[in-house]
Trainee: 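Quick one: this structure, given as structure tokens, is what I'll be asking you about.
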Amino acid sequence: MKYDAVIVGCGPAGSVTARFAAEAGAKILIVERRAEVGVPVLCGEGVSQKVDHFKVLEGKRWIAAKMEGARVFSPNGTKITLSAEYAGNETGYVVYRDIFDQELAREAAQKGAEIMLNTCAIDLLKKDGKIKGIIATHFDETLEIEANVVVGADGVESRVGKWAGIQTTLKPYDLETCVQYTLCNIDWGSPYCDFFLGKQVAPGGYVWVFPKGKDVANVGIGILASLSESGKALHFLDKFIATQPELKNGEPLRVITGADPVAEPIQSVKDNLLLVGDAARQVDPITGGGLMHAIEAGKYAGETIAKAVEKQRFDTQTLSEYETWWKNAFGKKLHRNYVAKEIMLDMEDKTLDMLADSLKDYKFEEFSTLSIIKALVTKHPSLLVKLTPLMKLARA
Ligand SMILES: Cc1cc2nc3c(=O)[nH]c(=O)nc-3n(C[C@H](O)[C@H](O)[C@H](O)COP(=O)(O)OP(=O)(O)OC[C@H]3O[C@@H](n4cnc5c(N)ncnc54)[C@H](O)[C@@H]3O)c2cc1C
């Protein structure tokens with residue numbers, strides 16, 4: 001078995017990488033350890049309408065509901081409303097993530113990529129220290145799959161990077177522990193994705209309610225692993241649901257647990273190797289949303305692989321075009337949001353209430369980190385010291 005690239009993981013990052021590389025003529029194999037693409041769903045299923053720009057999904061079967069924007073509730077209930085345009089990566093559509101992932105994979109296959117399910121990468125294949133492909137198990141067989149490029153699109157638990165000597169271990173401080181119910185028999189009925197903040201609600205994270213229809217919604221919580229003991233996330237989520245009259249009579253259709261990296265991105269390129277999506281920690285450190293970045297980075301990765309195949313050069317220098325692309329597109333934003341995450345973690349609930357109060361009537365058509373900070377500091381000069389590092393990054 002010999003390919004231009006073997007992609008480990010058939011999530012959004014893997015499928016989109018495969019699609020763009022295969023479309024340009026590269027011979028691509030995706031290996032996926034699951035028996036069905038996108039199943040089980042481990043996601044709040046919120047995605048920005050920006051996904052439409054990438055033209056990677058046909059039809060509308062993957063859309064559960066279209067959102068008008070987001071509402072953020074501070075600890076005392078003060079509400080900030082953002083339109084879909086400014087609401088970040090998780091607001092625009094609430095999707096059926098299983099269909100979403102399968103449609104992305106179908107598009108990759110249509111462009112010529114091969115997909116092997118029930119196939120788990122267990123190590124890199126190396127010759128004289130050089131990466132030459134992967135070793136994988138497929139049912140009872142162990143296979144050697146040769147490729148000029150190995151792509152680690154293997155999600156939050158990624159091991160591909162580690163096998164290549166990249167430091168991928170996540171500290172508890174950089175990991176959100178998540179639990180989510182899909183609740184039916186509720187009466188939410190809002191066209192907004194809702195976020196609830198506060199130390200009593202979700203320490204170091206937030207509760208989300210993403211409606212999939214009038215009486216169904218994903219209701220989940222992410223709390224920082226360093227601030228929580230085992231089982232705490234579920235306790236906080238159940239407590240939240242019990243306080244909401246529109247949710248408390250809900251019945252679960254699905255319950256999931258998972259982890260979400262809220263770290264700074266890591267090195268994503270080595271000779272004969274690329275990391276994409278959660279494997280490269282391309283997740284927004286404030287919201288934990290990673291779908292849009294997985295898709296955007298997947299496009300750059302696929303196009304870079306296609307060019308490398310054309311030149312028959314697979315060294316770090318050639319593949320670095322990918323890293324330059326995604327860092328220019330959203331790398332700075334990830335760093336800035338990591339700094340913002342640290343500042344927010346340090347804030348008391350009353351400071352969050354004060355921020356929300358200042359922003360509740362803010363005109364979000366002027367939305368930029370710098371303009372928001374300026375508005376906050378004008379109203380609350382005491383925040384200047386806390387927000388200075390962020391202001392410097394926003395100006396850079
Ligand atoms: C509870 C929760 C809620 C979330 N909600 C949102 C949200 O609402 N919006 C949003 O934008 N983001 C959300 N995220 C984050 C989002 O799910 C990820 O950013 C996104 O899935 C990243 O895509 P990916 O392709 O990089 O990784 P994944 O989607 O995780 O895909 C990785 C794939 O690799 C496969 N794999 C792993 N190891 C191997 C191996 N050794 N061999 C073969 N296959 C392997 C896995 O089975 C998987 O299919 C959420 C995350 C969690 C945990």
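None of these values were measured; they are calculated from a predicted model. Just so you know, ligand 1 is whichever comes first in the structure, and atom 1 is the first atom listed for that ligand. One is the number of the first residue; the rest follow in order along the sequence.
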Trainee: May I ask you to identify, for Ala259, whether its side chain, its backbone, both or neither come under 4.0 Å of ligand 1 on a heavy-atom basis?
Mentor: backbone

Trainee: More than 12 non-hydrogen atoms from neighbouring residues, nucleotides or ligands closer than 6.0 Å to CD on Glu157, yes or no?
Mentor: no

Trainee: Between Leu291 and ligand 1, does any nitrogen or oxygen pair lie at a separation below 3.5 Å?
Mentor: yes

Trainee: Numbering the atoms of ligand 1 from 1, which are under 4.0 Å from a heavy atom of Phe210?
Mentor: 8 (O)

Trainee: Run the contact test for Gln282 against ligand 1 with a 4.0 Å cut-off on heavy atoms, strictly below, and give the result.
Mentor: no

Trainee: Does any N or O atom in Asp278 lie less than 3.5 angstrom from one in ligand 1, N or O only?
Mentor: yes

Trainee: Is the charged tip of Lys341 near the ring of Tyr173: under 6.0 Å from the six-membered ring centre and within 45° of its axis?
Mentor: yes

Trainee: Counting only nitrogen or oxygen atoms and a 3.5 angstrom limit, does Arg33 reach ligand 1?
Mentor: yes

Trainee: With a heavy-atom distance limit of 4.0 Å, tell me whether Glu45 approaches ligand 1 through its side chain, its backbone, both, or neither.
Mentor: backbone

Trainee: Taking all non-hydrogen atoms of both residues, which atom of Gly133 and which atom of Val150 are closest, and how far apart?
Mentor: O-CG2, 3.5 Å

Trainee: Do any nitrogen or oxygen atoms of Pro12 come within less than 3.5 Å of a nitrogen or oxygen of ligand 1?
Mentor: yes

Trainee: Can you find a pair of side-chain heavy atoms, one from Asn118 and one from Arg33, that are under 4.5 Å apart?
Mentor: no

Trainee: After noting the C-alpha distance and the side-chain angles of Asp194 and Arg71, does the key distance pass the salt bridge (charged side-chain N to carboxylate O under 4.0 Å, His left out) rule?
Mentor: CA-CA 5 Å; Asp194 288 331; Arg71 300 185 302 186; 2.7 Å; yes

Trainee: Do Phe73 and Phe195 have ring centres separated by under 6.0 Å?
Mentor: no

Trainee: For ligand 1, is there an N or O atom under 3.5 Å from any N or O atom of Glu32?
Mentor: yes

Trainee: Does an N or O from Cys43, backbone or side chain, lie closer than 3.5 Å to an N or O of ligand 1?
Mentor: no

Trainee: Where the side chain of Glu32 meets the backbone of Arg34, is there a donor-acceptor pair that is under 3.5 Å apart?
Mentor: yes

Trainee: Which atoms of ligand 1 have any heavy atom of Gly277 under 4.0 Å away?
Mentor: 26 (O)

Trainee: Rounded at 0.5 Å granularity, tell me how far CD in Glu58 sits from CD in Glu107.
Mentor: 4.5 Å

Trainee: Does the N or O separation between Ala279 and ligand 1 drop below 3.5 Å for any pair?
Mentor: no

Trainee: Which one holds for Leu42 and ligand 1: side chain close, backbone close, both close, or neither close, with close meaning a heavy atom under 4.0 Å?
Mentor: backbone

Trainee: Considering all heavy atoms of both residues, which atom of His293 and which atom of Lys333 are nearest to each other, and what is their separation?
Mentor: NE2-NZ, 3.4 Å

Trainee: Could you walk me through whether Tyr3 and Glu114 pass the side-chain contact (heavy atoms from CB on, under 4.5 Å) check?
Mentor: CA-CA 10 Å; Tyr3 293 85; Glu114 294 173 38; 2.7 Å; yes

Trainee: Are any of the N or O atoms of Arg97 closer than 3.5 Å to those of ligand 1?
Mentor: yes

Trainee: With under 30° as parallel and over 60° as perpendicular, where do the rings of Trp62 and Phe100 fit, or are they tilted in between?
Mentor: perpendicular

Trainee: List the steps and the verdict of salt bridge (charged side-chain N to carboxylate O under 4.0 Å, His left out) for Glu303 and Lys307.
Mentor: CA-CA 6 Å; Glu303 289 173 354; Lys307 284 191 192 172; over 6 Å; no

Trainee: Go through ligand 1 atom by atom and flag the ones less than 4.0 Å from a non-hydrogen atom of Gly155.
Mentor: 27 (O), 30 (O), 32 (C)

Trainee: Check for me whether Thr119 has a heavy atom closer than 4.0 Å to any atom of ligand 1.
Mentor: yes

Trainee: Can you list the ligand 1 atoms lying under 4.0 Å from a non-hydrogen atom of Ala13?
Mentor: 24 (P), 25 (O), 26 (O)

Trainee: Which of the numbered atoms in ligand 1 are below 4.0 angstrom from a heavy atom of Ala153?
Mentor: 32 (C), 33 (C), 34 (O)

Trainee: Sort out for me which residue in Leu247, Asp238, Asn218 forms a side chain to side chain contact (heavy atoms under 4.5 Å, CB included) with Tyr181.
Mentor: Asp238

Trainee: Would you please determine whether Val31 falls within less than 4.0 Å of ligand 1 on a heavy-atom basis?
Mentor: yes

Trainee: Can you tell me how far apart OG1 (Thr169) and NZ (Lys171) are? Round to the nearest 0.5 Å.
Mentor: 9.5 Å

Trainee: Tell me whether Arg34 reaches ligand 1 (any heavy atom closer than 4.0 angstrom to a ligand atom).
Mentor: yes

Trainee: Below a 4.0 angstrom heavy-atom separation, can you tell me which part of Cys120, side chain or backbone, both or neither, approaches ligand 1?
Mentor: both

Trainee: Examine ligand 1 and decide if any of its atoms is less than 4.0 Å from a heavy atom belonging to Gly220.
Mentor: no

Trainee: Is the closest N or O pair between Asp101 and ligand 1 shorter than 3.5 Å?
Mentor: no

